[in-house]
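Data first, discussion second: the structure below is written as structure tokens.
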Amino acid sequence: MNDHDPMRTDADTATDEHRLVEAARQGDGGAFGQLYQRYVDRVYSFVVFRVRDRTVAEDLTQDVFLQVLRGLDAFDWRGSLAPWMLRIARNTVVDHWRRSGRRAERTMTAVEAGDEDDEDSRIDRMVAEEDTGILRAEHALDRARLVRAAAHLTELQQQVVALRFASGLSIRETADTMGRSEGAIKNLQHHALRALRHQLGSDAGEAPPAGDVE
Amino acid sequence: MKRATLMNSSEPQADRLQEALDRLTAGEAPAAVWRDLEQGRPEDDLAPLTSLAARLAAVAPATVPPVFRANLQARLQTELAAIRRPRNSRSAWRRLVPRLAGAAMAVVLALGTTVAVSANSLPGEMLYTMKRAAEDVRLALAVTPRLRARVHFDIARARLEEVQALVSRGVAVDAAVIDALIAAHEGLLSAARGAGDPDLMASAAGTLSRAEDGLAILAATAPAGDRAELDQAAADLRRLAESSAATGTSPIAPAERPRVIGPTPALPAAGATDTPALTATSPLPTTAGASGPAAASSPTLALLASPYAPTATATVPAPAVATLPSAPPAGRPSDPVAPPAPGGPVATSEPSRVDPPTPVNPEANARATDLARKTSEPEPTKANTPRPGRPLQPPGPTSEPPPEPTAGDAP
């Protein structure tokens with residue numbers, strides 16, 4: 001994300017970011033603060049998409065940034081901070097699932113976990129507590145529906161969707177984050193969207209007719 | 001199917017899908033993109049998938065709740081302060097910021113109000129170096145002479161206020177503090193001159209005059225130990241103002257200004273050894289330098305007036321010399337016909353040159369230079385190819401799937 005300024009090039013952003021990283025490494029609190037501001041929403045978006053619980057997402061986001069802080073020295077600059085940071089986020093979520101007893105590769109449906117109602121109300125709470133001044137109401141509801149449907153995807157599919165669309169990473173960055181090739185990411189993306197569409201159609205109570213998203 | 005997704009080479013539909021997303025991201029009209037997608041096999045459903053992706057891109061990004069955002073930042077700053085040592089720092093001021101009181105400092109940093117909070121700092125306080133650094137930044141950012149003059153005004157006023165605050169708190173006035181005040185006013189004069197604006201020059205002169213008065217008042221009520229320094233400072237300012245007004249040349253470079261702090265040293269042929277009353281009342285002519293007999297009774301003044309005098313003598317300049325508008329009063333062997341250098345060697349800086357913070361403050365100089373260096377040094381540009389698949393913008397405020405024959409329902 002280029003700070004929403006269409007005139008900024010990716011190269012500008014990368015240069016700025018490199019400078020900030022170097023300064024932060026040397027203890028510059030202001031530089032670290034800027035990096036934090038740039039990434040906190042992206043990390044949070046990824047985490048909240050994956051865990052579907054705002055409180056947990058906040059805790060995990062904090063974990064991620066503490067790890068970032070401590071690991072900054074060892075971090076190898078390779079053009080962007082995003083893949084490294086989101087990899088930490090991804091691993092933090094996986095660790096969370098392990099701690100709470102869910103295996104990573106299982107589909108994480110609410111029904112399977114046996115707490116569908118809790119999950120729904122968590123999502124609703126999450127949506128309700130959002131500042132809907134920022135997010136239009138229909139987007140908020142839409143997000144809830146999409147997030148709920150995404151829970152039925154495989155772990156890898158959910159990761160790709162979260163990284164690509166919640167955190168806004170590119171194919172390249174997503175591939176770096178997940179340690180896979182760009183081709184594999186595109187495949188995952190394709191199948192994730194297909195599965196999601198299918199799930200949304202099921203949620204709506206009917207098989208999706210051709211050409212119909214809902 | 002699962003195996004296929006992990007293969008490194010992408011399936012053709014996956015490529016086409018991503019390509020469509022790239023086109024949307026690049027700002028291409030959705031209608032064109034859908035049209036092309038529909039050229040393919042209908043069962044691929046690429047158009048609705050693309051639309052779904054756009055919808056996700058629109059609604060999936062979340063923002064952190066504001067309270068959480070602020071709290072986490074504060075926590076992180078505390079951690080940062082605790083675990084990281086500033087090292088290899090090229091910026092002198094950062095070394096001087098004491099690493100301590102993590103919580104207070106961290107909260108201040110986190111709220112981004114450091115500069116505002118530091119604005120009331122006094123010499124010797126924790127955030128004072130930050131205050132000075134902020135001034136340097138302002139100076140470095142002031143690209144025109146007028147803007148620089150403006151910043152110098154603020155800096156000069158800040159120095160005066162600091163001295164006033166210190167005295168009112170009973171803190172002993174340090175020579176460095178006085179030096180900084182004088183330097184700030186020199187910088188102001190220089191900058192005002194550099195801007196070439198008579199109004200600015202008049203304002204600068206007014207500022208100096210007010211500072212001089214302020215110091216004199218302070219001196220009158222200050223403890224005895226500080227009185228001499230404060231009066232000295234007032235005298236220096238007056239001299240500055242006079243030399244500047246009379247000749248339009250630069251004031252004495254600070255390095256050449258002898259500082260007399262504390263008890264005045266005994267001088268040969270010194271008359272009165274106490275300067276205070278004298279400087280406040282001596283009827284100095286408006287021309288630069290001390291000329292005339294009044295100078296004689298002020299040994300320090302004479303000293304100031306002619307730092308390069310062969311002997312630090314208070315000998316009265318010959319009346320003949322005194323008639324020259326701003327000839328150096330003491331027996332300076334220099335050329336009377338040369339452009340008058342008020343009371344000393346010609347300052348090295350020229351009127352039109354607008355300098356960064358004056359040399360008496362090497363720290364500040366280093367800071368400004370560092371900043372300039374940092375903002376101008378070329379960073380290696382990473383050869384990032386334009387990224388495909390940037391966050392998509394949906395085709396329109398609500399991401400309706402365009403191919404939808406019945407577009408009645410919003411998604």
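Each chain gets a letter, A, B and so on, in the order its sequence line appears, and its residues count up from 1.
Put simply, the side chain of A:D41 never gets that close to the backbone of B:T63: no donor and acceptor are under 3.5 Å apart. For the pair A:S45 (side chain) and B:A62 (backbone), a donor-acceptor distance under 3.5 Å is present. Distance alone, capped at 3.5 Å, is enough to place a donor-acceptor pair between the A:Y36 side chain and the B:R69 backbone.
For a residue to count as touching a neighbouring chain, one of its non-hydrogen atoms must lie under 4.5 Å from one of that chain's; by this rule A:L146 touches chain B with the side chain only. Within the 4.5 angstrom heavy-atom criterion, atoms from both the backbone and the side chain of A:F65 approach chain B. Within the 4.5 angstrom heavy-atom criterion, no atom of A:V43 approaches chain B.
Within the model, atoms CZ of B:F68 and OG1 of A:T55 stand 10.5 Å from one another, a figure rounded to the nearest 0.5 Å. Rounding to the nearest 0.5 angstrom, the gap separating the CG atom in A:L69 from the CD atom in B:E79 is 6.0 Å. To the nearest 0.5 angstrom, B:D45 atom CG is 12.0 Å from A:H198 atom NE2. Separating the CG atom in A:L200 from the CG atom in B:L52 is a distance of 6.0 Å, to the nearest 0.5 Å. B:L56 contributes atom CG, which lies 10.5 Å from atom CZ of A:R164 (distance to the nearest 0.5 angstrom).
Side-chain atoms of A:R194 and B:Q13 include no donor-acceptor pair closer than 3.5 Å. With 3.5 Å as the limit, one finds no donor-acceptor pair spanning the side chains of A:H190 and B:Q18.
Annotation for B:L80 and A:G29: closest pair CD2-CA, 3.3 Å, computed over non-hydrogen atoms. Minimum interatomic distance between B:A60 and A:F165 (heavy atoms only, all atoms of both residues): CB-O, 3.8 Å. Considering all non-hydrogen atoms of both residues, A:Q189 and B:L21 come closest at NE2-CD1, 3.7 Å. Of all the heavy atoms in B:P61 and A:R143, the pair that sits closest is O-NH2, 3.7 Å. Shortest non-hydrogen contact noted between A:G33 and B:Q73 is CA-NE2, 3.5 Å.
You'll find the side chain of B:L17 stays beyond 4.5 Å of the side chain of A:K186, heavy atoms only. No side-chain heavy atom of A:E58 sits less than 4.5 Å from a side-chain heavy atom of B:L72.
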